[in-house]
Amino acid sequence: EMLRVLEFRRVLFRSDHQTKFLCHVLGGPADYTGRSLAVSHRHLGITPAEFDEVEEILQETLEDFDLSHADIASVMSIVASTRADIVSGS
């Protein structure tokens with residue numbers, strides 16, 4: 001039971017952390033004080049295909065929430081600009 005509680009807390013922290021990061025890079029009011037993208041992702045060995053998959057899921061999610069095409073394009077442009085910092089695998 002304790003492991004489930006700890007896992008739930010970890011998921012909530014990660015969700016909050018990622019929300020603050022996304023708000024920060026999109027110019028929102030949240031302050032992100034975490035590590036840089038490169039430092040945070042270097043050890044993960046994320047491949048170009050994995051990055052592409054996350055991009056696709058994000059775009060589909062934004063479309064599902066009926067964001068305008070201009071807003072989606074803006075978000076996706078920002079995400080694409082992070083590729084070099086996130087992708088380190090082959």
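What you see below is based on every heavy atom in this structure, not just the backbone, and it leaves out hydrogens, waters and symmetry mates. Residue numbers start at 1 and run along the sequence shown.
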Item to check | Donor-acceptor pair between Thr82 and Asp85 side chains, under 3.5 angstrom | outcome: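 No donor-acceptor contact under 3.5 Å links the two side chains.
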
Item to check | Pair Gln59-Glu63, side-chain donor/acceptor within less than 3.5 Å | outcome: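 Indeed, the side chains of Gln59 and Glu63 share at least one donor-acceptor pair under 3.5 Å.
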
Next on the checklist: Please tell me whether Phe51 and Ile78 are part of a single hydrophobic cluster in this structure, the criterion being side-chain heavy atoms less than 4.5 Å apart.
Outcome noted: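 As far as the 4.5 Å side-chain criterion goes, Ile78 and Phe51 are connected within one cluster.
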
Checklist entry - Are Phe65 and Val75 linked, directly or through other ILVMFWY residues, by side chains that come within less than 4.5 angstrom of each other? => result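 Cluster IDs for Phe65 and Val75 match.
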
Checklist entry - Between Ser88 and His41, what is the shortest heavy-atom contact and its length? => result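 Shortest heavy-atom contact: OG-O, 4.2 Å.
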
Checklist entry - How close do Glu55 and Arg83 get, heavy atom to heavy atom, and via which atoms? => result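 Nearest pair, atom of Glu55 first, then Arg83: OE1-NH2, 3.4 Å.
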
Checklist entry - Any donor-acceptor pair under 3.5 Å linking the side chain of Ser77 with the backbone of Ser74? => result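 Looks like no, no N/O pair under 3.5 Å.
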
Looking at [atom1] of [X] and [atom2] of [Y], how far apart are the two atoms once the value is rounded to the nearest 0.5 Å?
| X | Y | atom1 | atom2 | result |
| --- | --- | --- | --- | --- |
| Leu67 | Thr61 | CG | OG1 | 10.5 Å |
| Ile72 | Leu58 | CD1 | CG | 9.0 Å |
| Glu50 | Leu44 | CD | CG | 9.0 Å |
| Ile46 | Glu53 | CD1 | CD | 11.5 Å |

